Amino acid sequence: MLLGCIADDFTGATDLANTLVKGGMTAVQVIGVPTGPLPEADVVIVALKSRTSPVAQAVAESLAAAEALLAGGARQLFFKYCSTFDSTDAGNIGPVADALVKRLGCGFALANPAFPTNGRTVFQGHLFVGGALLNESGMEKHPLTPMTDANLVRVLSRQTEGSVGLVNFATVEQGAQAIKRAMGQLKEGGRRYAIVDAVTDQHLMAIGEAAADHALITGGSGVAMGLPANFRAKGLLPERGDSAAALPPMQGRAAVLAGSCSRATLAQIGFARDHMPTLELDVLATPDVAALVAQATAWLDATLGESGPVLVAASATPEKVAALQARLGRDAAGALVEETLAAIAAHMVTLGVKRLVVAGGETSGAVVTQLGVAALRIGPEIAPGVPWTFAEPVGMHLALKSGNFGDRDFFLRAFEHV
Ligand code: ADP
């Protein structure tokens with residue numbers, strides 16, 4: 001193993017793995033803190049579900065993952081969080097990064113969630129989603145991690161015991177050496193973190209190069225783009241070409257399960273209505289797991305055929321989500337929907353579904369846990385940030401889509417790739 005990664009949610013882990021596989025590294029995503037020997041791969045990514053768990057638990061799991069990766073020979077650690085920096089002020093990015101910096105004794109790490117291909121850019125420390133500031137992008141209404149401040153220096157400062165500096169656009173434009181110098185100066189000046197601006201993939205490549213000798217990198221999947229070249233330059237990574245993304249072939253029924261309420265997913269559901277059999281569960285009208293699961297299983301028994309994919313969605317508009325949360329509380333509302341969708345996924349598998357797309361990070365976590373998936377070998381990319389994977393030991397193809405990823409026709413297009 002060359003690179004050991006800790007991801008705070010499942011789709012984020014897959015997104016990171018996808019980036020590294022495209023860079024010619026083989027990658028396996030392990031679900032939860034590994035207990036046995038690690039799989040053979042250039043990159044092992046431990047996928048946690050720690051984005052919204054209590055701080056102490058997120059820190060403990062992340063440290064345990066780090067120990068396993070270091071014991072497996074990882075030469076560099078990567079702490080992966082969302083490209084929209086999902087975490088409230090009580091959130092986990094700062095505390096987990098603090099614990100990893102301390103464990104590694106490195107004193108400093110960069111922080112960069114940018115993913116230009118998907119419209120996430122950082123300029124003067126401010127995170128943009130498309131043309132909008134983070135806090136005006138829809139993310140301010142996220143069911144679990146509403147983001148109301150786009151200034152990442154401020155956001156991270158509120159979460160960490162250390163202090164946070166900025167490597168700004170003008171420096172990043174000058175390339176790897178300038179970035180490296182600026183990070184060195186911030187570290188010497190006592191900063192524990194640097195938010196590093198990035199607007200293009202070239203910026204991310206330069207940042208990756210500048211961090212070649214860092215013990216820890218924190219960020220979105222974008223900043224990992226530059227890392228394979230570092231390992232190649234050191235003679236540690238052979239040229240693998242496309243073979244890094246090879247998966248066993250798969251026949252069987254196809255389905256989509258959506259629990260994300262993000263704009264992109266809502267648009268994908270709108271498109272799917274006209275193109276595939278679609279069941280939209282009304283969670284607000286029936287906030288009852290057993291009743292919702294019964295409705296979905298009856299529908300699937302009658303609808304799931306051999307021809308094309310079907311879609312089951314619990315997703316709802318921000319107004320409906322807010323209404324359910326007002327009634328049950330935010331966590332209970334999320335948990336109810338996740339439990340429902342996980343049970344539906346299990347039923348899909350008993351009906352012979354072998355190719356499944358799941359929309360939503362938390363939702364994917366719940367589904368993968370329910371299906372008893374231990375590891376995902378990363379295959380070819382469907383859309384930026386979303387690869388097909390081979391789930392072990394279940395033996396099926398899974399695509400875990402972060403809520404805001406993918407074009408309108410993603411649910412249909414996904415199945416053209418396998
Ligand atoms: P994303 O990747 O878009 O953030 P997630 O699955 O991570 O999607 O988060 C969406 C959350 O919203 C999940 O906890 C899910 O259970 C919850 N959710 C889905 N549908 C509804 C609904 N109709 N009402 C309330 N919460 C919902």
Side-chain angles (χ1 to χ4, degrees), residues 7-16 47-53 80-88 91-92 113 115 118 120 129 134 137-147 220-221 256-269 279-289 291-293 295-296 311-345 357-370 383 385-386 398-406 410-411:
D8 72 351
D9 88 336
F10 290 66
T11 48
T14 315
D15 170 18
L16 174 63
L48 301 176
K49 198 171 181 300
S50 58
R51 181 168 298 165
T52 54
S53 49
K80 161 73 174 70
Y81 39 78
C82 192
S83 63
T84 39
F85 213 79
D86 300 21
S87 54
T88 62
N92 294 339
F115 192 167
N118 272 347
R120 279 73 159 151
V129 179
L134 178 65
S137 68
M139 275 304 295
E140 71 278 15
K141 297 200 189 104
H142 189 280
L144 304 175
T145 51
M147 296 302 292
S221 62
V256 183
L257 198 54
S260 159
C261 303
S262 298
R263 277 180 196 174
T265 300
L266 295 179
Q268 286 153 0
I269 294 167
L279 173 67
E280 289 180 77
L281 298 169
D282 190 339
V283 185
L284 187 58
T286 315
D288 179 82
V289 175
L292 291 166
V293 173
Q295 185 193 351
L311 164 67
V312 177
S315 317
T317 57
E319 295 71 34
K320 281 195 156 188
V321 171
L324 188 70
Q325 290 183 340
R327 201 185 300 170
L328 302 180
R330 179 186 292 176
D331 292 347
L336 182 144
V337 178
E338 287 169 36
E339 197 185 324
T340 301
L341 293 177
I344 295 170
V357 171
V358 185
E362 297 291 332
T363 307
S364 293
V367 167
V368 156
T369 304
Q370 176 78 34
V386 198
L398 271 182
L400 308 178
K401 188 190 79 76
S402 177
N404 258 322
F405 284 6
F410 179 91
F411 294 157

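Owing to the predicted nature of the structure, the values given are computational and were not obtained by experimental measurement. Atoms within a ligand are numbered from 1 in the order they appear, just like the ligands themselves. If you read the sequence from its start, that first residue is 1, and numbering goes on from there.
Between the side chains of Asp288 and Thr286, no donor-acceptor pair of N or O atoms lies under 3.5 Å. Residues Lys401 and Thr265 have side chains that bring a donor and an acceptor to within less than 3.5 angstrom of each other.
In Gln370, the CD atom is crowded: over 12 heavy atoms of neighbouring residues, nucleotides or ligands sit closer than 6.0 Å.
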What pairs of donor and acceptor atoms, side-chain ones from residues 359-368 against any protein atom, are under 3.5 angstrom apart with sequence neighbours left out?
residue	atom	partner	partner atom	Å
Glu362	OE1	Lys49	NZ	2.9
Ser364	OG	Gly360	O	2.7

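Sorted by first and then second residue, the salt bridge (Lys or Arg N to Asp or Glu O under 4.0 Å) pairs involving residues 321-331 (not counting sequence neighbours) form an empty list.
Listed by chain and number, the residues in a salt bridge (charged side-chain N to carboxylate O under 4.0 Å, His left out) with Glu140 amount to none (sequence neighbours excluded).
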Which atom pairs, nitrogen or oxygen on both sides, join ligand 1 and the protein at under 3.5 angstrom?
residue	atom	partner	partner atom	Å
ligand 1	2 (O)	Gly361	N	2.9
ligand 1	2 (O)	Gly403	N	2.9
ligand 1	3 (O)	Ser260	OG	2.6
ligand 1	3 (O)	Ser262	OG	2.5
ligand 1	4 (O)	His142	NE2	2.7
ligand 1	6 (O)	Glu362	N	3.4
ligand 1	6 (O)	Thr363	N	3.1
ligand 1	6 (O)	Thr363	OG1	2.7
ligand 1	7 (O)	Gly361	N	3.2
ligand 1	7 (O)	Glu362	N	2.7
ligand 1	14 (O)	Glu338	OE2	2.6
ligand 1	16 (O)	Gly334	O	3.1
ligand 1	20 (N)	Ala314	O	3.3
ligand 1	23 (N)	Ala314	O	3.0

